[in-house]
Amino acid sequence: MDNFFMNTYHRLPVTFARGEGVWLTDVEGKKYLDFGSGIAVNCLGHAYPPLVKAIADQAAKLNHVCNYYQSDTALAFAEKLVEACAPAGMKRVFLANSGAEANEGAIKIARKYSLVKHGPGRHRIVSLRGSFHGRTITSLSATGQDVFHKDFGPFTEGFAYIPSGDLEALDKALDPAVTAGFLVEAIQGESGIRPQAAEYIKRAAELCAQRDILLLFDEVQCGVGRTGTFLACEAYGIKPDVVTLAKGLAGGIPVGAVLAGEKAADILQVSDHGSTFGGNPIAAAAGLVVLDTVRGPFLKEIERKGEKIQAMLRDWKNPKIKEVRGRGLMIGADITDEAWPILERGVSTAAAGNPGLLILSAGKNTLRFLPPYIISDAEIETGMEILRRLLG
Ligand SMILES: *Cc1c(COP(=O)(O)O)cnc(C)c1O
């Protein structure tokens with residue numbers, strides 16, 4: 001198998017055969033509790049019955065129409081999604097297939113908005129050091145981490161990075177003569193689960209509004225209820241101009257979305273943008289199940305379960321755990337050692353009657369918790385007990 005795939009991933013030596021709820025089973029029958037949800041994707045766990053049914057029913061009826069035509073399922077999904085994002089001021093959506101593709105759409109919206117309203121030369125997108133926005137050349141250009149940049153230049157022009165939390169740098173970088181947009185993750189995921197400070201986001205929103213710079217929230221990882229509100233930006237009490245979503249949005253089926261509020265909802269016009277698979281009816285059917293589930297009291301439970309995990313991590317008083325951060329079921333725990341051996345041991349120690357644990361890392365020394373929202377209290381306790389053993 002290793003001879004056929006390109007060498008892009010450091011894969012652990014486990015092959016999964018099936019999943020149910022928060023549990024995965026490998027081809028040898030060993031079980032693993034899933035604290036990672038395939039990087040925040042399987043938000044309703046594995047083989048969630050309503051999701052399975054919606055996908056199967058849709059596949060039996062219609063699995064693709066191109067965007068020259070209409071699909072009731074895609075339309076219903078778009079309507080519900082805009083409704084779910086209405087507290088953040090969202091008005092319209094463009095459907096895509098991945099986080100990177102969604103962010104490309106957000107960048108295009110910011111650039112065209114600026115061009116139409118203010119003329120040429122005002123195309124800079126400012127983002128943060130430590131950010132992650134995707135792997136295409138332009139979403140990499142927006143990603144403020146040098147490690148991802150080596151070997152792939154030249155990059156798309158017109159990007160600048162500033163350190164998170166630095167108000168002076170923010171004020172300077174958001175120069176209205178040259179800047180179209182400010183792109184930010186409410187909680188930086190890949191670089192270590194780092195929530196933005198409330199004052200920082202509030203100031204950014206103010207400056208963007210004053211200077212007519214679009215505020216673009218990349219909620220590809222932290223959105224769709226992950227932090228206990230449908231969008232993570234709701235917690236700051238601000239309204240971004242554009243929000244991107246992907247990972248958990250269809251509970252395991254590829255999908256991406258770019259949403260825009262009042263200012264930018266009508267910027268993209270016919271033939272400005274497109275995507276062959278965008279709004280695919282199977283993804284839309286799956287997305288509808290996620291939207292019908294991740295709302296109301298279900299969101300409160302995400303918050304409560306996250307607090308439970310954070311409290312347990314703190315109560316252990318394990319000297320190997322240095323700091324715990326995050327919100328809802330998006331939690332990072334900095335450990336004194338490199339995180340990767342824990343990930344490996346979570347897999348290698350699995351045996352019959354002794355389940356393994358799938359947990360992720362972020363940055364070098366951060367354990368990243370992104371369990372499915374449907375995890376029970378008992379399953380949290382089981383997973384944490386395994387983790388406690390793995391940490392030693
Ligand atoms: C994962 C991620 C992306 C990229 O999403 P893909 O679907 O892998 O293209 C972009 N932004 C953030 C914040 C992410 O976590």
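Because the structure is predicted, anything quoted here is derived from the model rather than measured. Both ligands and their constituent atoms are indexed starting at 1 by order of listing. Nothing fancy with the numbering, it's 1 onward along the sequence.
Between Asp146 and Arg129, at least one side-chain nitrogen of the basic residue sits less than 4.0 Å from a carboxylate oxygen of the acidic one, meeting the salt-bridge criterion.
Close contacts between ligand 1 and Glu185 involve ligand atoms 13 (C) [criterion: under 4.0 Å to a heavy atom]. Close contacts of ligand 1 with Ser98, meaning ligand atoms under 4.0 Å from a residue heavy atom, involve 7 (O), 9 (O). Counting atoms of ligand 1 from 1 in the listed order, those under 4.0 Å from a heavy atom of His133 are 10 (C), 11 (N). Near Ala100, with a cut-off below 4.0 Å to any heavy atom, the atoms of ligand 1 are 4 (C), 5 (O), 6 (P), 9 (O). Taking every non-hydrogen atom of Lys247 and a distance limit under 4.0 Å, the qualifying atoms of ligand 1 come out as 1 (C), 2 (C), 3 (C), 14 (C), 15 (O).
Cation-pi check for Arg203 over Phe182 is not met; the charged atom does not lie both under 6.0 angstrom from the ring centroid and within 45 degrees of its normal.
Residue contacts with ligand 1: Ala246 is placed with no nitrogen or oxygen under 3.5 Å of a nitrogen or oxygen of the ligand (distance criterion only). Residue Val220 has no nitrogen or oxygen atom sitting less than 3.5 Å from a nitrogen or oxygen atom of ligand 1, judged on distance alone. Geometrically, ligand 1 and Asp218 share a nitrogen or oxygen pair separated by less than 3.5 Å.
Distance screen at 4.0 Å: atom 6 (P) of ligand 1 has a protein heavy-atom neighbour inside the cut-off.
Nearest heavy atom pair, residue Ala250 against residue Val290, reads C-CG2, 3.8 Å.
In this structure, a donor-acceptor pair under 3.5 Å is present between the side chains of Thr136 and Glu104.
Aromatic ring orientation, Tyr161 versus His149: tilted (interplanar angle from 30° to 60°). In this pair, Phe94 and His273 present their aromatic rings tilted. The plane angle is within the 30 to 60° band. Taking the six-membered ring where the residue is Trp, His64 and Phe277 present perpendicular rings, their angle passing 60° and hence far from 30°.
Contact annotation: for Asn103 versus ligand 1, heavy atoms closer than 4.0 Å belong to the side chain alone.
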